[in-house]
Structure formats: structure tokens, C-alpha cells
Protein chains: 2
Amino acid sequence: MPTAVERRASLLAAADRVVQRDGPDASMNVIAAEAGITKPILYRHFGDKGGLYSALAARHIEDLLGRLRAALLTRGGLEARTRATVDAYLTSIEERPQVYRFLVRRAAVEEPGVRGEVEGFVRRFGDELANGIRHEPALGDVDPMRALVWAHGIAGMVQAVGDWWLDHPDVPRQVVVNELTELLLAGFSRP
Amino acid sequence: MPTAVERRASLLAAADRVVQRDGPDASMNVIAAEAGITKPILYRHFGDKGGLYSALAARHIEDLLGRLRAALLTRGGLEARTRATVDAYLTSIEERPQVYRFLVRRAAVEEPGVRGEVEGFVRRFGDELANGIRHEPALGDVDPMRALVWAHGIAGMVQAVGDWWLDHPDVPRQVVVNELTELLLAGFSRP
DNA sequence: ACACTGAAGTTACCGCCGGTAACACTGGTT
DNA sequence: AACCAGTGTTACCGGCGGTAACTTCAGTGT
């Protein structure tokens, strides 16, 4: 007899399997079947579909944000940090494309207005990055508003290139990393 | 008795009204009711929901791309062109937020893999922009791959900032335009 | 004048979705 | 023995995208 949190974890694992196999449009029935149970149990554990998706997304978002944070702390200059972060992002896409698709497509659509739930991971990354930029030693003091606009712009830039790269798998990752890093660094070194 | 293309245009106009009133999740029933007819007629004209959404999106995409193209042709230096284009983008968001939401959220989700239909307007903008960058006089000859990555990055950057701005209406447009323009210009003027 | 055709439009349905109410089963507590 | 409390089920609801089958009616050939 598993505990409640174990059960919950196993349900999330099942949902994860389905999403990775069938893409980000998994239905509650299919997820329940994969977990070997029926729908109402899912609803008792997660409230509604948004709740399940939030829980599932939260897990991957924390993982991805963890990688990005670690990359942002890379020792070396601004260039090394930038390159490491971009590379971490694109590597995550390469390793689990379905998860990435789930994060950027599905988790952002489930009307984040009503509850301040997940709010899309690009947003969260942008908000964190804004803090990082404000305190980046190589940049000096940056106006908070400027940091916000820049951070969300940079996050969106990396995301858009990642999306584009998803549909152009022939392009080597290193090439994309190089171009993006160069573009970003040029943006940082303003006159 | 209206002709077929008139009918089609009036149906699209009805769909447009519903989307602008109720947001981008309009159902076929509601759209049909708004048009004063019933569902099967919509399906005879547009095939399926994706077809209607494609047609509706195509219209707005052409309009928005037209504005952006015009802004890209602004006389003056690279800065004037950049600023005008960013301003055109944000102004379009400001004027019709629901349409913008429809374009970035809905029109990109309807599985573009099967048919090469709309493919999201950010993608199209990115592809066009890549051409523009390759031939931008102020930049000289740019490697095609570099132009592609940059263009999609820039398109994503502007889009992300636009999305963020949608949820922060207190920030004046001019401020966002200024920050974004500055960031982009710095990116262009690489060492 | 009249039957015929074909398009326009309707009603009524299908299967699936997200979500829920109401009912069984089972173990432990008193 | 009686009673929970939790876990699970079946069976349903309204609404969605999508379609089959029927009606209605203007135009046309003879």
C-alpha cells in the first residue's frame, strides 16, 4: 500500500510517460489507463487537468531552471556564462524534445490568468534572468525596467531559436550555440 | 444572393468578431450562430476548424506583416528602421490585443506538422527578417545560417517582450520601444 | 408547364473530451 | 457487530469538433 505522495508520484510518472510517447495532447483517460487506474482518481489527486499539467510542468521546469541556474554560475567571464547557459538550454531540447514541446506549448496555454500558477516557464526564466542581469558584475548597475525588458527579450530569443531548431534538426547544436552566444554578447556590450 | 467569396468573407468577419469579443477559444457553434447560420456551412467552406483558423490568421498575419514590412522600409538609418519596426509591432498589440493573442497562442498550436499551413506568424516573420538581414546594407554580407538564427532570435525577442508587455499594461509603450531598440541595435553593432 | 438537378441549409446524430455523482469494496477502530 | 474512512469503480452530464441524411428551392432542358 503506497503512501499518498508515492501514489501521486507514480501518477505523475505515468502522465510523463504518456506525454513523452504521444506528445503534449494526452487526455485524462489515456493517462489514467497508463497509470492502471481510472479518471476520478486523477481528479481527486490533482483537482483538474490544469492541476495535473501544472504539477507535471513544475517538475520539468524546476529541472530545466536548475540546469540554467547552474550554467549561469559557470566560472569564467560573461562569455563563458552566456555560452554555457545557451548550451544548457539547447541540450535540454535535444535530450527530450517532447518534454520541451509540452513546456512551451501546452503549459503556457492553460489560461494562467485565473490562478497565478505556472505562468509558462519562459516567463519564469525571464523573471529570474532579470534579477541575474541586475546584479551581473560585468554590466554594472542596470535600471530595473531595462533589466526586465532585456531579460524577457533574451529568454524569448533563446526560446524562439530553440523552437526553430526543433524543426531544423540537421543544423548542429554547436553552430546554433555559437551564433546565439555571439549575438547575445554583442547585445551586452553596448556603447 | 451573395457570391461564394462574399459569403466566405462574411463568415470570416463573423469569426473575427467572436474572437475579438470572446477571446481565441471561440467554438464553431458560436461562430456559426454569430454568422446567422449553422455549423455544417462553416465546415463546407473551411473544411475543419484548423482551416477556418488558418484563413482567419492568414488575414491578420498579412496585415501585420504588411505593417512590419513598411516599417522595415522606413527611410533613415538602421536605428530608425529598427525603432519603427519595433514600434509597429507593439502598436499592433496595443490596438487589438485579442487578435494578437489569437495569433501567437491559437494559430501556433493547431499542429502545423501535418500540413505546412500557417506555421505561426513569428516563424514567417523570422523567415522574412532573415532575408532582410542578409541584404541589410548597414550589415554587409551576412552568412545565411547566421542570418537565420539571428532573425528568428530577434523575432522571438520582440514577441516575448510583447507578450510580457500584454500583462504589464502600466508600462508605457515608448519605454519598451526604447529599451528594445537599444538592445537590438547593440546586437547589430558587433565588434 | 413540368420534371430534374444541384446547391444551400437544416436537424439530428457520433465519438470523445473534461469533469462529477453515486455507488461498491475493504481494512481498521471502538 | 457496527461503523467509519479511504480507495476504487461505473455511469453519467454538457459541450466540443465533425458528419450523414434530409429538406428546400432557384434555375434549366425539353
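Within every chain, numbering begins at 1; the chains are lettered A, B, ... in the order of the sequence lines, protein sequences first and strands thereafter.
Ring-plane geometry between F102(A) and Y53(A) is classed as tilted, the angle between the planes lying from 30 to 60 degrees on a 0 to 90 degree scale.
Both F121(B) and L166(B) sit in one connected hydrophobic cluster of ILVMFWY residues. Membership requires side-chain heavy atoms under 4.5 Å apart, directly or through other members.
Shown here are the ring-ring contact (aromatic ring centres under 6.0 Å, His included) partners of F125(A), two or more places apart in sequence or in another chain: there are none.
Distance L42(A) CG to dT7(D) P: 14 Å, rounded to the nearest Å. Look at CZ on R8(A): it is 17 Å from C1' on dT7(D), rounded to the nearest Å. At whole-Å resolution of the value, CG in L11(A) and C1' in dG8(D) are 13 Å apart. Note: CD1 (I41(B)) to C1' (dT24(D)) measures 13 Å, nearest angstrom.
Taking 4.0 angstrom as the limit, T38(B) places none of its side-chain polar atoms (N or O) nearer than this to OP1 or OP2 of dG9(C). Using a 4.0 Å cut-off, some side-chain N or O of R7(A) falls inside it from OP1 or OP2 of dG8(D).
With rounding to the nearest 0.5 angstrom, the CG atom of L52(B) is 6.5 Å from the CG atom of L56(B). The line from CD of E34(A) to CG of D16(A) is 10.5 Å long, rounded to the nearest 0.5 Å.
The salt bridge (Lys or Arg N to Asp or Glu O under 4.0 Å) analysis of residues 148-170 of chain A, with sequence neighbours excluded, yields the pairs D167(A)-R123(B).
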Considering only nitrogen or oxygen atoms on both sides, find all protein atoms under 3.5 Å from nucleotides 4-6 of chain D and state each distance.
none

Whether each nucleotide of nucleotides 15-28 of chain C has a protein heavy atom under 4.0 Å at its base (B), only at its sugar-phosphate (S) or at neither (-) is summarised, 5' to 3', as --SBBBB-------
For residues 61-70 of chain B, which side-chain N or O atoms pair as donor and acceptor with protein atoms under 3.5 Å away, sequence neighbours left out?
unit_1, atom_1, unit_2, atom_2, d
E62(B), OE2, R124(B), NH1, 3.0
E62(B), OE2, R124(B), NH2, 2.9
R67(B), NH1, S92(B), OG, 3.4
R67(B), NH1, E95(B), OE1, 3.1
R67(B), NH2, E95(B), OE1, 3.2
R69(B), NE, E128(B), OE1, 3.0
R69(B), NE, E128(B), OE2, 3.4
R69(B), NH2, E128(B), OE2, 2.7

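A salt bridge links R173(A) with D87(A): the distance from a Lys NZ or Arg NE/NH1/NH2 to an Asp or Glu carboxylate oxygen falls below 4.0 Å.
Across its full length, the helix from dA1(C)-dT30(D) to dT30(C)-dA1(D) shows an angle of 30° between the axes of its 5 terminal pairs at either end, rounded to 10 degrees.
Residues R146(A) and N178(B) bring no donor and acceptor atom of their side chains to less than 3.5 Å of each other.
Applying side chain to side chain contact (heavy atoms under 4.5 Å, CB included) to V177(A) and the options V161(A), T85(A), L90(A), T91(A) leaves one that passes, L90(A).
Within the 4.5 Å cutoff, side-chain heavy atoms of Q98(B) are placed close to those of R101(B).
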